[in-house]
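In what follows, a structure is listed as structure tokens, so that the remarks can point back to it.
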Amino acid sequence: MPLAHDQFDNGARVAALGAGLVLPAARLDPARLTRRLRELLGAPAIAAGCQAAAAHFATPFDSAALVSALEVLSTG
């Protein structure tokens, strides 16, 4: 439920990844929130989207490759 600043963009990105849903704050009420939470918790597609996003971020960071890429950029 985005409220301000970059939350709207972040919510849209999470939804586009299939890892969540967006509920506009203007439409928030207990019944809608309950339905949306049930939808999130019961959706295999959302679970799969979350797992895919988690796997993407779980990839080990290769600092040596980053340094090499930066060196190439700095030497033109």
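The first residue in the sequence is number 1, and the count goes up from there.
Taking every heavy atom of both residues into account, A19 and C50 meet most closely at O-SG, 3.3 Å. The nearest pair of heavy atoms linking A25 to P2 is CB-O, 3.9 Å. Taking all atoms of both residues into account, the shortest heavy-atom contact from M1 to Q7 is O-OE1, 4.4 Å.
The main-chain N or O of R27 is found under 3.5 Å from a side-chain atom of R32 such that the two form a donor-acceptor pair. Checked by atom type and distance alone, the side chain of R36 pairs as donor or acceptor with a backbone atom of V22 at under 3.5 Å.
A continuous path of Ile, Leu, Val, Met, Phe, Trp and Tyr side chains, each step under 4.5 Å between heavy atoms, connects L3 with L23, placing both in one hydrophobic cluster. No chain of hydrophobic side-chain contacts below 4.5 Å, direct or via other Ile, Leu, Val, Met, Phe, Trp or Tyr residues, connects L28 to L41.
For residues 42-64, no pair satisfies salt bridge (Lys or Arg N to Asp or Glu O under 4.0 Å), with sequence neighbours left out. Residue pairs satisfying the salt bridge (Lys or Arg N to Asp or Glu O under 4.0 Å) criterion with at least one member in residues 10-24, sequence neighbours excluded, are listed as follows: D9-R13.
The distance from atom CG of L70 to atom CG of L66, rounded to the nearest 0.5 Å, is 4.5 Å. Distance CG/L21 to CG/L40: 4.5 Å, rounded to 0.5 Å. Between the CD atom in Q51 and the CD1 atom in I46 there is a gap of 12.0 Å [rounded to 0.5 Å].
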